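Structure, as structure tokens:
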Amino acid sequence: MKYAYLVFAFAAILMSCDSCSQDKKSVQQMTQAQIDSMLIAQNRNFHAQEKERIQKYVLDKQWPTTITGTGIHYWIYEQGVGETVKSEQVAWVEYEVSLLDGTVVYKSMPGEKVPVKVGHDNVESGLHEAMLLMKAGDRAKFVLPSYRAFGLTGEGKIPMNAAVVYDIHLLEIQ
């Protein structure tokens, strides 16, 4: 399921190449190394395009973001005074999740405090990484590339291969 998009794209490429080529090399004649090489090239191309889209989004918003080693853009736009979050702690947050086109897909209810057990809850890995950059009272924006969000499968209202934007207010840590 996770690689369905790449398999579909690969099959479409093969069918179009096969129907247009004179030698009509069949899929069965391709080696696993050739298939792997094509998939790796397609994946690199997708991530390069996504990186450009995220950079354009951040520039258009004029956010002074910092980029983590894993490609997450973040901006702590309101500084708190509390402790920094540590793995295993519960962070109580208010949040809004949107797509790069501005569509809000999820948000906490007004006044609702949502618990996130950092490092353990069933949320995207990029959110755990983002939470570790915050301290109590911080308000921050995070742009998670698709591979640090919901990747090839998407989730609910979030389409496959979508970068997501989190606006988080870290209320307290336990």
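Sequence positions, counted from 1, serve as the residue numbers for this chain. All values below were derived from every heavy atom in this structure, side-chain atoms included, with hydrogens, water molecules and symmetry-related copies excluded. Please read these numbers as outputs of a predicted model, since none were measured by experiment.
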request  = List the steps, then state whether side-chain contact (heavy atoms from CB on, under 4.5 Å) holds for T65 with Y74.
outcome  = CA-CA 5 Å; T65 62; Y74 72 97; 5.9 Å; no
remark   = R148 and S125 have their tightest heavy-atom pair at NH1-OG, 3.0 Å
note = From the list K141, R139, K107, salt bridge (Lys or Arg N to Asp or Glu O under 4.0 Å) with E96 holds only for K107
key: Criterion side-chain contact (heavy atoms from CB on, under 4.5 Å) on K157 and T103, from CA distance to verdict   = CA-CA 10 Å; K157 299 176 185 177; T103 303; over 6 Å; no
query = Atom NE2 of H120 and atom CD of Q89: how far apart are they, to the nearest 0.5 Å?
reply = 11.5 Å
ask   = Which atoms form the tightest heavy-atom contact between L133 and D138, and what is the distance?
value = O-OD2, 4.4 Å
task = Report yes or no: do V123 and I72 belong to one cluster of Ile/Leu/Val/Met/Phe/Trp/Tyr joined by side chain heavy-atom distances under 4.5 Å?
result = yes
request  = Please step through side-chain contact (heavy atoms from CB on, under 4.5 Å) for the pair V164 and V105, ending with a clear verdict.
outcome  = CA-CA 9 Å; V164 294; V105 289; 5.7 Å; no
task = For E83, look at atom CD and say whether over 12 heavy atoms of other residues, nucleotides or ligands are found less than 6.0 Å away.
result = no
request  = Write down the atom of K135, the atom of G80, and the distance for their closest heavy-atom approach.
outcome  = CE-O, 3.4 Å
key: Nearest-0.5 Å distance, OG1 of residue T66 to CD1 of residue I76   = 8.0 Å
task = Of all the heavy-atom pairs spanning R53 and F46, show the shortest one and how long it is.
result = NH2-CE1, 3.8 Å
query = Roughly how far, to the nearest 0.5 Å, is the OH atom of Y166 from the CD atom of E124?
reply = 3.0 Å
task = State yes or no: do L127 and L171 share one hydrophobic cluster built from I, L, V, M, F, W and Y residues joined by side-chain heavy-atom distances below 4.5 Å, directly or via other members?
result = no
query = Which value, rounded to the nearest 0.5 Å, describes the distance between E129 atom CD and T70 atom OG1?
reply = 3.0 Å
key: W63 CH2 to H73 NE2 distance, which is reported to the nearest 0.5 Å   = 11.0 Å
ask   = If you look at every heavy atom in L152 and N161, which pair is closest and at what distance?
value = CD2-OD1, 3.2 Å
task = State, with a plain yes or no, whether a side-chain heavy atom of I168 is found less than 4.5 Å away from one of M131.
result = yes
inquiry  = Are the side chains of L39 and Q42 in contact, using a 4.5 Å heavy-atom criterion?
reply    = yes
message = Can you confirm whether more than 12 heavy atoms, excluding those of K51, are under 6.0 Å from its NZ atom?
response = no
task = Begin with the C-alpha distance, continue with both residues' side-chain angles, and end with the deciding distance and a verdict on side-chain contact (heavy atoms from CB on, under 4.5 Å) for Y106 and E155.
result = CA-CA 11 Å; Y106 298 109; E155 191 278 326; 3.1 Å; yes
query = Is it the case that one hydrophobic cluster holds both V97 and V116, taking links as side-chain heavy atoms less than 4.5 Å apart, direct or via other members?
reply = yes
ask   = So which heavy atom on V85 is nearest to which on I173, and how close?
value = CG2-CD1, 3.5 Å
query = Linking I/L/V/M/F/W/Y whenever their side-chain heavy atoms sit closer than 4.5 Å, directly or via other members, would V114 and I158 fall into one cluster?
reply = yes
request  = Flag yes if M134 and L132 sit in one hydrophobic cluster, no otherwise; membership is Ile, Leu, Val, Met, Phe, Trp, Tyr, and two members link when side-chain heavy atoms are under 4.5 Å apart.
outcome  = yes
Interatomic distance, L170 atom CG to E78 atom CD [nearest 0.5 angstrom] = 11.5 Å
inquiry  = If we count only N and O atoms by modelled type, under 3.5 Å, do the side chains of D167 and Y77 hold a donor and an acceptor together?
reply    = yes
key: Side chain S108, main chain Y95, donor-acceptor under 3.5 Å   = yes
message = Over 60° means perpendicular and under 30° means parallel, so tell me whether Y147 and H47 are parallel, tilted or perpendicular.
response = perpendicular
